[in-house]
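Just below is one structure, and these are the notes that go with it.
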Amino acid sequence: MKPILFTFLLLLAYSSQAQSDRYTEAMKKNLAAFGAAKTTADFQAVANTFERIGDAEKTQWLPYYYAGLSLSTAGWSDPNLDKDANSTRINALCDKAETIEKNAEIYALRNMSATQQMMVDPQTRWQTYGQQASAFLQSGLKLDPDNPRLYYLQGESVMNTPEAFGGGKAKAKPIFEKAVELFKKEQPKPMYPHWGQERAEEELAKCQ
Amino acid sequence: MLSFSGIQKITNQYITRILLFIGCLFFIQAALSQTVITGKIKDGRGHPVPGVSITIKNSFDGATSDSSGNYQFSTSDTGSRQITVSSIGYRPLEQPILLEGKSIRLDLQLREEPNEMKAVTITAGSFSAGDSKRGAVLSSLDVATTAGSNADITAALKTLPGAQQVGEQEGLFVRGGTSQETKQFIDGSLVNNPYYTSVPDISTRGRFSPFLFKGTVFSTGGYSALYGQALSSVVLLESIDLPEKSEVDASISPIVVGVGTQQLAANKKSSWGISYNYVNVGLYFGLVKQQPDYFRLPQFHSGDANFRFKTKSGGMVKYYTTFNYNQMGLRRPDLDSPGLKNAFDLGNHNWYNNLSWREYLKNGWKMNLSASYSTNLDDISQQVQGANNEAHFYSDSIFWMKNKNFTLKNRQDLAQTRAVFEKKLGGLSALRFGGEYWYNYNPFTYQDTARTLRDNMFAGFVETDIYLTNELAAKIGLRYEYSSLIRKSDLAPRISLAYKTGKDAQISAAYGIFYQKAENQQLFYTPDLGFTRATHYILNYQKMTKDQMFRVEAYYKKYRDLIKTEPVNYYYFNYNNSGSAEAKGIEFFWRDKKTFENFDYWISYSYLDTKRDYLNYPGEITPNFASKNTVSLVMKRFFTDWKTGFNLTYTYASGRPYYNFMINSSGKYYTADQGHTKDYHSLNFSMEYVPSIGKTNPKTFVVLFASMSNVLGYHPVYGYNYSFSGQNRQAIEPPANRFYFVGCFLSWGVDRTQDAINNNL
């Protein structure tokens with residue numbers, strides 16, 4: 001009996017290895033597709049695939065995170081996209097991701113989602129979505145005070161706020177500096193978020 | 001017994017064999033069962049839907065539809081599976097599929113998700129305003145920054161189409177209706193005395209600050225069966241739930257001082273607040289000359305308090321109370337006798353309470369309960385005075401002078417309870433029903449004659465929202481009312497429809513019958529007056545995007561059973577229901593926040609053609625409060641660099657008719673004199689300076705506000721008052737040509753959001 005049991009265990013190990021290989025492979029393939037995506041349709045297709053992977057895996061937050069990040073990228077690049085509908089979907093993906101794990105990266109995504117909704121009509125939406133966005137940053141920093149992306153996003157928000165409203169380049173500069181410093185130290189696990197360093201350096205250069 | 005190496009050997013053999021076997025299996029399976037699925041996704045109208053995610057449930061296999069709705073993917077899964085289809089704005093779809101290695105064509109149709117943002121709304125007759133509502137026309141900040149409004153809700157609503165520019169009386173005169181035909185409701189409860197009590201020919205402000213409310217609906221006709229007793233129009237005010245943060249506020253100005261606080265509990269589930277304001281125009285009247293001779297300076301005290309809390313199931317309980325006292329006394333020249341004056345003295349106490357409970361029940365039911373109680377006491381007297389302010393008294397034979405000396409105590413109490421239940425019927429369709437009970441108690445003492453009116457009024461209503469699709473909706477309602485005082489009941493049907501004609505455009509239509517009891521002053525004389533009645537027909541087209549709104553609305557309104565005055569003698573009247581009227585018109589509204597950066601403007605135009613036979617009118621004639629053409633242009637520009645906003649409002653109304661009706665020898669009214677006033681123009685200016693705007697962590701929020709009405713110094717005439725003989729007349733004019741205001745509003749709030757972030761740097 002023993003050999004059979006052993007074989008069975010081995011098979012189980014093999015299949016779970018196969019499973020996680022399959023996950024890694026699917027993720028890598030779709031991360032490459034994400035990197036190549038250009039149009040809103042591309043980003044939506046990439047998001048759909050990530051969500052599909054997340055739904056099938058059930059224990060991974062990264063697919064949902066990347067699905068949201070892909071939609072968020074579409075949100076930044078497509079001025080005609082319905083930001084409210086897009087953000088509603090991003091938020092739903094964040095909700096799904098957070099049932100698995102609560103972390104600073106998801107808060108960074110939530111921050112971008114709220115920021116995009118605010119920018120639809122900053123004057124009237126500042127009080128609601130602007131406040132939400134900064135509350136997400138704060139919650140993210142509580143979980144990970146050294147997250148470079150949160151500082152990068154905060155820097156963007158400060159830089160894009162008119163000086164008369166307490167923003168501006170001078171105020172954004174130390175925040176970007178901190179972001180770049182943290183980016184240099186960052187050593188992410190495979191497939192974990194690692195975006196933002198180049199952007200942060202570019203923005204910091206604009207503040208000099 | 002096998003040795004360890006033996007086990008390992010056998011195991012290795014096993015593994016090799018098994019792996020080989022599995023490899024073959026995979027290969028065979030892959031070769032056999034690669035299923036290709038293709039298809040097209042369409043919506044309910046057969047249009048392709050792009051960006052839809054099609055997935056074999058619990059697998060990585062799937063695709064996204066392209067711009068023509070087509071999709072294609074292959075899967076190595078076999079057997080019976082579920083395919084799921086999802087896209088924003090559509091109901092998710094799940095259906096079984098049998099994978100056998102053969103190609104499958106699967107065309108699917110998605111049903112639109114009922115979506116409040118996308119769905120049509122019934123807009124005929126109503127303007128939604130407020131921060132929370134979509135389609136907001138005016139936010140509370142808009143009310144405050146509309147030049148000429150000085151943060152009075154009614155004044156700001158007058159810049160919208162449908163409302164007349166009547167400067168000598170408070171209230172909203174809507175589409176040929178009197179100001180009594182517009183009623184205000186707070187959280188569903190009628191407000192009996194929404195304005196400070198006024199003296200004749202001088203209008204007053206509303207009692208309620210725009211910042212109490214998160215939403216305002218100004219309906220200029222065809223309103224819902226949930227409301228009644230208003231022939232023309234309703235203003236629905238929805239109070240805010242919880243304040244965003246705790247704060248302390250103060251306002252300082254030469255006219256008004258105020259302090260208040262709002263405290264939000266740490267768990268953000270409850271709040272309370274109190275505030276007090278005191279208005280004294282003594283200093284102001286010293287600087288800006290007023291036409292009447294004020295012997296008692298206008299003074300206003302107002303205090304309010306509130307508490308609100310969230311219930312466990314997400315409902316809300318709110319209580320609001322306000323107490324007001326105002327007084328003023330003024331002398332104006334007597335029209336009948338040169339050298340004499342009429343001294344009018346007024347004191348008013350008002351206490352208003354509103355308690356409401358909104359609760360979400362099981363199975364899609366929602367409940368709104370409310371109760372309100374208000375008491376209003378007017379203490380009014382008038383005296384004819386001579387050159388040295390000494391009283392003059394007259395005998396019965398000089399009744400027209402004798403009646404100018406009077407005292408009047410009028411107390412109006414209103415207690416109400418109201419219950420509304422709502423059930424969602426799938427999608428956006430809903431059924432609402434409920435009832436209300438009003439108890440009116442009105443003791444009234446004129447000279448030494450005391451009378452009391454008591455009325456128990458019941459109303460029941462049912463209304464349904466039917467969404468046939470996101471594009472087509474109907475609202476059908478019925479309202480029943482019974483008044484114990486007049487012992488009469490009425491049944492009022494209301495129907496409206498809306499159809500979406502494009503992405504942002506829609507047409508709607510409304511029809512309804514509206515009833516209103518006669519005014520108490522009339523019921524004192526003739527207690528069995530029936531309900532007055534109006535029928536509305538409205539057609540509306542609206543195109544609205546985030547920054548722009550265009551709206552055109554045409555209406556026809558037919559009145560019957562209006563109150564007519566029957567003179568018994570020169571100073572005693574009876575009333576009957578023989579009056580009638582009709583009004584028709586067309587109105588345009590355009591608001592644009594987009595074309596010019598940081599510049600927001602709107603234009604309203606109203607055309608009104610109305611004839612009315614009521615009170616002492618000798619026949620159907622254009623009433624004295626109706627202008628044929630009314631235009632408002634409101635402009636707002638905020639300069640970020642200066643932290644300053646400038647606001648201008650220009651209003652034009654064509655001249656109104658004025659009349660002097662007298663009684664002839666056979667006891668009938670006739671028109672002794674008539675004419676048209678000159679056109680009305682007004683240019684109002686206001687500005688606000690907000691030095692703390694956008695500061696990352698403002699401890700103190702400061703707004704400096706200044707306004708000036710009638711910048712161009714135009715001299716308006718609202719109409720004429722006539723002497724008893726009809727020989728003398730005097731123009732009705734505002735007490736001063738211009739009104740100036742400067743004030744400083746401060747608030748100290750605690751907002752730690754930015755603090756926390758900065759501390760992390």
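Scope of the values below: all heavy atoms of this structure, side chains included, with no hydrogens, waters or symmetry mates. Just so it is clear: chains get the letters A, B, ... in the order the sequence lines come, proteins before strands, and each one is counted from 1.
- Both the backbone and the side chain of A:Ala85 come within less than 4.5 Å of a heavy atom of chain B.
- Of the listed residues (B:Gly62, B:Ser86, B:Gly51, B:Pro50), the greatest number of heavy-atom pairs within a distance under 4.5 Å of chain A belongs to B:Gly62.
- Counting non-hydrogen atoms of neighbouring residues, nucleotides and ligands closer than 6.0 angstrom, the NZ atom of A:Lys58 exceeds 12 such neighbours.
- Rounding to the nearest 0.5 angstrom, the gap separating the CD atom in A:Gln44 from the OG atom in B:Ser65 is 9.0 Å.
- For the atom pair CG (B:Asn58) and CZ (A:Arg52), the distance works out to 12.5 Å, reported to the nearest 0.5 Å.
- Neither the backbone nor the side chain of B:Asp66 comes within contact range of chain A, judged by heavy atoms closer than 4.5 Å.
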Apply the test side-chain contact (heavy atoms from CB on, under 4.5 Å) to residues A:Glu51 and B:Ser53: give CA-CA distance (whole Å), side-chain angles for both, the deciding distance (0.1 Å), then the verdict. CA-CA 9 Å; A:Glu51 189 172 14; B:Ser53 181; 5.7 Å; no
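- Environment of CD in A:Glu25: sparse, with no more than 12 heavy atoms of neighbouring residues, nucleotides or ligands closer than 6.0 Å.
- Scanning all heavy atoms of the two residues, the minimum distance from A:Tyr23 to B:Phe60 falls at CA-CE1, 3.8 Å.
- A donor-acceptor pair is defined here as one N or O able to donate and one able to accept, closer than 3.5 Å; no such pair exists between the side chain of A:Arg89 and the backbone of B:Ser87.
- Applying the 6.0 Å contact sphere to CE of B:Met635 captures more than 12 heavy atoms from other residues, nucleotides or ligands.
- Heavy atoms of other residues, nucleotides or ligands lying less than 6.0 angstrom from CD of A:Gln208 number more than 12.
- Chain B forms the most heavy-atom pairs under 4.5 Å with one residue out of A:Thr88, A:Asn86, A:Ile53, A:Thr40, and that residue is A:Ile53.
- Note: A:Val120 leads A:Asn30, A:Val120, A:Leu150 in heavy-atom pairs under 4.5 Å with chain B.
- More than 12 heavy atoms of other shown residues, nucleotides or ligands fall within 6.0 angstrom of atom NZ in B:Lys40.
- At a 4.5 Å heavy-atom cutoff, the contact between B:Thr55 and chain A is made by backbone and side-chain atoms alike.
- With a 4.5 angstrom heavy-atom cutoff, B:Ile54 touches chain A only via backbone atoms.
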